[in-house]
Visitor: 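Would you mind keeping the following structure in view while I ask a few things?
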Amino acid sequence: MSYPGLVPLPPRRASLLGVIGYAWDADVFTATDVMESVAVTRSTAIDVIDELVSRGLITELPNARAVGDYRKGRPARRFAFRADAAFVVGLDAGRSHLTATVSDLRGQTRAVEHLVVDADDDAPDRRRRAAVEVVDSALEIAGISRTEVAAMGVGLPAPVDSHGDSPTDRAEFWTRMNLGFARLFREWVPLVKVANDASLASVAERTLGAARGCDDFVVLLAGERLGAGVWVDGRLLTGAHGGAGEMVAFDHVRGVDSAWGFGHRAVELAREAREAGTLPAESVLRSMAPADIQGKDVFAAAALGDPGARRITDEIGGSLAVIAGVFGSLFDTRLLVVSGAVADGAAPLIEAARRAVADTLHLPAPEIVASALGADIVSLGAVCAAVQEARLGILDLPRFAQPA
């Protein structure tokens, strides 16, 4: 049976993709291992492996006799994927913080670099320079040149469509955040994937974190503003303009009322309570100047049982329960992961949300957990996206062309 629009891969191409895909995930392997896993003949397995060795993507190791694993007959040839044949970069291009992570082709981190910029100065040239600066600095730390980079992932605080572009919003914030990063980095990176930051955080969580093995989940990126990466039936939702998971809709949801992040909310509630004189006498927040209060201070105090801070995290936890209920009702979500820098101190508000979420929907309530991937989760997700781009396109890169 044939299907219109589907063009089968040439047999050689299919074999190459199958073997390199197997090698990418395998430890040491033999031609027999390839035969069993990729369903090719022995002659094809050996021929394709030899080609990938010549291309520089697989290396041949000492045979079984040389490593003391020889029994009888001809010793088996042994091979391994060259994870250092090229490198990838993951960039979190946030409004005020930029993070670049350099990794090998299996996503093992070689270097991480951070850059803090003035959030109010988002002039296009300055933002582009900052992005290039943090990437080049990370490469220098890793001892890797630009020519060794095969793929790059970029996460932005904006919806991003399949072409790497962002739609124009009323304040033009999205287009100020996405200043043609796809075109900027394609000048020297062969493969570039630009995506929404929360979507990449969800990719990291599914690859490395709490959502491994889960097909239906939401990762809530709770920085200065809220964003969400939504997975349904094992697929990341993106939408026509890359806007799936945008949280502006919660401006109109009672009990949430805005898309401000949890750290921002904690600061505002603490300052309001202090100025209104409603903080309990024993609350540590009373002794702090309003301008000095940060979200992490509120969360840390709540974790220690501070009654004023607990009131605040209970209120934010109630909003989190509503958010979890909305996603649970719309997408039948099994898991909601609170991620980003706020995740480290999110236990009190997650505890409050767990108590309330069951009352927000008729379906089974999603489990609410904190991410363990830290503040660099978007950069890690960008690395995961870059690795995937490399897996799909590395055979077509000139540096890995078959020798004449």
Side-chain angles (χ1 to χ4, degrees), residues 92 155-160 195-239 241-253 255-263 265 316-344 346-347 349-375 377-378 380-382 384-385:
D92 175 7
L156 303 169
V160 181
N196 170 258
D197 54 3
S199 293
L200 290 182
S202 73
V203 172
E205 210 63 60
R206 193 167 198 255
T207 306
L208 306 168
R212 281 177 292 185
C214 185
D215 285 343
D216 302 282
F217 67 95
V218 171
V219 170
L220 192 63
L221 189 61
E224 181 182 1
R225 301 277 292 179
L226 295 175
V230 182
W231 289 70
V232 177
D233 298 334
R235 298 186 64 181
L236 174 63
L237 303 185
T238 54
H241 307 95
E246 277 299 312
M247 302 289 281
V248 68
F250 283 96
D251 289 349
H252 311 288
V253 176
V256 183
D257 304 311
S258 79
W260 286 109
F262 297 147
R265 295 186 192 202
I316 298 173
S319 295
L320 175 57
V322 174
I323 292 170
V326 169
F327 281 120
S329 294
L330 289 175
F331 303 114
D332 194 11
T333 299
R334 186 181 300 276
L335 175 70
L336 186 144
V337 185
V338 178
S339 70
V342 73
D344 285 343
L349 64 93
I350 290 176
E351 177 187 331
R354 287 172 176 167
R355 292 195 299 266
V357 69
D359 296 330
T360 65
L361 73 170
H362 296 288
L363 289 165
E367 181 185 5
I368 305 173
V369 301
S371 171
L373 298 182
I377 186 171
V378 174
L380 291 174
C384 294

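Positions are given from 1, in the same order as the sequence printed here.
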Visitor: Any side-chain heavy atom of Leu336 within less than 4.5 Å of one from Leu320?
Guide: yes

Visitor: Closest approach of Ser329 and Leu361, non-hydrogen atoms and distance?
Guide: OG-CB, 3.4 Å

Visitor: Are more than 12 heavy atoms, taken from residues, nucleotides or ligands other than Arg225, located less than 6.0 Å from that residue's CZ atom?
Guide: yes

Visitor: Compare every heavy atom of Ala211 with every heavy atom of Leu335, then report the nearest pair and how far apart it is.
Guide: CD2-CA, 4.0 Å

Visitor: How far apart are the closest heavy atoms of Leu220 and Ala228, and which atoms are they?
Guide: CD1-CB, 4.3 Å

Visitor: Would you check if Leu236 and Ser202 make a side-chain contact, meaning some heavy-atom pair closer than 4.5 Å?
Guide: yes

Visitor: Is any side-chain heavy atom of Glu367 closer than 4.5 Å to one of Val357?
Guide: no

Visitor: For Asp215, give me all partners under salt bridge (Lys or Arg N to Asp or Glu O under 4.0 Å), at least two apart in sequence or on another chain.
Guide: Arg206

Visitor: Using every non-hydrogen atom in the two residues, find where Gly227 and Ala198 come nearest and quote the distance to one decimal.
Guide: C-CB, 3.6 Å

Visitor: Can you tell me how far the CD atom of Glu205 sits from the CG atom of Leu200, to the nearest 0.5 Å?
Guide: 12.5 Å

Visitor: Distance from Ser371 atom OG to Leu380 atom CG, nearest 0.5 Å?
Guide: 9.0 Å

Visitor: To the nearest 0.5 Å, tell me how far His241 NE2 sits from Asn196 CG.
Guide: 14.5 Å

Visitor: Does the side chain of Ile377 come within less than 4.5 Å of Leu221's, by heavy atoms?
Guide: yes

Visitor: Supply the atom-to-atom distance Leu363 CG to Asp332 CG, rounded to the nearest 0.5 angstrom.
Guide: 5.0 Å

Visitor: Which pair of non-hydrogen atoms, one from Arg265 and one from Trp260, has the smallest distance, and what is that distance?
Guide: NE-O, 2.9 Å

Visitor: Run Val256 and Met247 through side-chain contact (heavy atoms from CB on, under 4.5 Å) and show every step you take.
Guide: CA-CA 10 Å; Val256 183; Met247 302 289 281; over 6 Å; no

Visitor: Checking Val369 against Arg354 for the side-chain contact (heavy atoms from CB on, under 4.5 Å) test, could you report, in this order, the C-alpha distance in whole Å, the side-chain angles of both residues, the deciding distance, and whether it holds?
Guide: CA-CA 9 Å; Val369 301; Arg354 287 172 176 167; 4.0 Å; yes

Visitor: So do Thr333 and Trp231 actually touch side chain to side chain, heavy atoms under 4.5 Å?
Guide: no

Visitor: Taking the side chain as every heavy atom from C-beta outward, state whether Asp257 and Asp251 have any atom pair closer than 4.5 Å.
Guide: no

Visitor: Of the non-hydrogen atoms in Ala353 and Ala321, which two are nearest, and what is the gap between them?
Guide: O-CB, 3.7 Å

Visitor: Do Leu226 and Phe250 have side chains that approach each other closer than 4.5 Å (heavy atoms only, starting at C-beta)?
Guide: no

